[in-house]
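Have a look at the structure below, then the notes.
Keep in mind that what you see is a predicted model, and the values were worked out from it rather than measured.
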Amino acid sequence: MKFLNEDEELNPIISAVNLVDVFLVIIAALLISIAQNPLSVFSTEDVTVIKNPGQENMQMIVKQGKEIKQYKASGEIGSGEGMRAGVAYKMADGSFVYVPEDKDTPVSGSEVKP
């Protein structure tokens, strides 16, 4: 009957059980944070993440389905070969209007006055 009167503070098993409880709470929090991450492989949504926008080390991460692609900025301003596809006009209210051009339509600066 001496065991029934034993003080619980002296029992080392009680402190070990408390540590196990703390670790279970930490593991549950980590699992919830992994599940809520937008780039998680368990997520079915398509996601685009831009890291360091406008800086030299800018990166764009695109997740489509289970495929994740990473693009890095080269730091150069866009350049390349191509042809004119249309004209954009800024309206008085601040909005933009894009007008595509046909091959047959001549382009002149006096057609639309903003």
Side-chain angles (χ1 to χ4, degrees):
M1 295 291 227
K2 189 175 187 179
F3 293 115
L4 294 177
N5 295 332
E6 185 178 337
D7 191 12
E8 291 182 7
E9 294 178 8
L10 299 176
N11 192 350
I13 297 296
I14 299 294
S15 62
V17 169
N18 288 339
L19 284 177
V20 170
D21 291 342
V22 169
F23 285 126
L24 286 175
V25 170
I26 291 172
I27 290 171
L30 289 174
L31 287 175
I32 290 171
S33 67
I34 289 172
Q36 291 181 346
N37 185 355
L39 294 177
S40 172
V41 293
F42 303 115
S43 174
T44 58
E45 299 175 357
D46 293 343
V47 178
T48 302
V49 176
I50 299 177
K51 296 168 92 177
N52 303 324
Q55 298 182 8
E56 293 179 8
N57 59 349
M58 182 173 79
Q59 295 180 0
M60 185 169 73
I61 302 170
V62 179
K63 178 184 174 284
Q64 293 177 333
K66 292 192 176 200
E67 182 178 349
I68 298 176
K69 294 181 182 178
Q70 181 177 7
Y71 302 99
K72 293 185 179 182
S74 63
E76 298 177 6
I77 294 177
S79 62
E81 297 180 19
M83 56 188 245
R84 187 172 170 168
V87 180
Y89 296 98
K90 185 174 182 179
M91 307 306 287
D93 63 354
S95 63
F96 285 89
V97 176
Y98 170 71
V99 181
E101 293 179 346
D102 294 331
K103 284 184 174 181
D104 302 333
T105 306
V107 178
S108 68
S110 62
E111 289 180 2
V112 177
K113 295 181 182 179

Inset, instruction - Verify side-chain contact (heavy atoms from CB on, under 4.5 Å) between Val22 and Asn18, making sure each step is shown before the conclusion. - result: CA-CA 6 Å; Val22 169; Asn18 288 339; 5.7 Å; no
Legend entry - Asp93: partners by side-chain hydrogen bond (donor to acceptor under 3.5 Å, both in side chains), with sequence neighbours left out: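 With neighbours one apart ignored, the set is Ser95.
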Are [X] and [Y] joined in one hydrophobic group, where the rule is that I, L, V, M, F, W and Y side chains link up if heavy atoms are under 4.5 Å apart?
X     : Y     : answer
Met58 : Met60 : yes
Ile50 : Tyr71 : yes
Val87 : Phe96 : no

Legend entry - Neighbour count >12 (heavy atoms, 6.0 Å) for atom CZ, Phe23: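 Check fails, neighbour count at 12 or below.
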Legend entry - Spacing of Asn57 atom CG and Gln59 atom CD [to the nearest 0.5 Å]: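 It is 7.0 Å, given to the nearest 0.5 Å.
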Inset, instruction - Quick one: pull up OG1 in Thr48 and CD in Gln64 and give me the separation to the nearest 0.5 Å. - result: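 Reported value, rounded in 0.5 Å steps: 7.0 Å.
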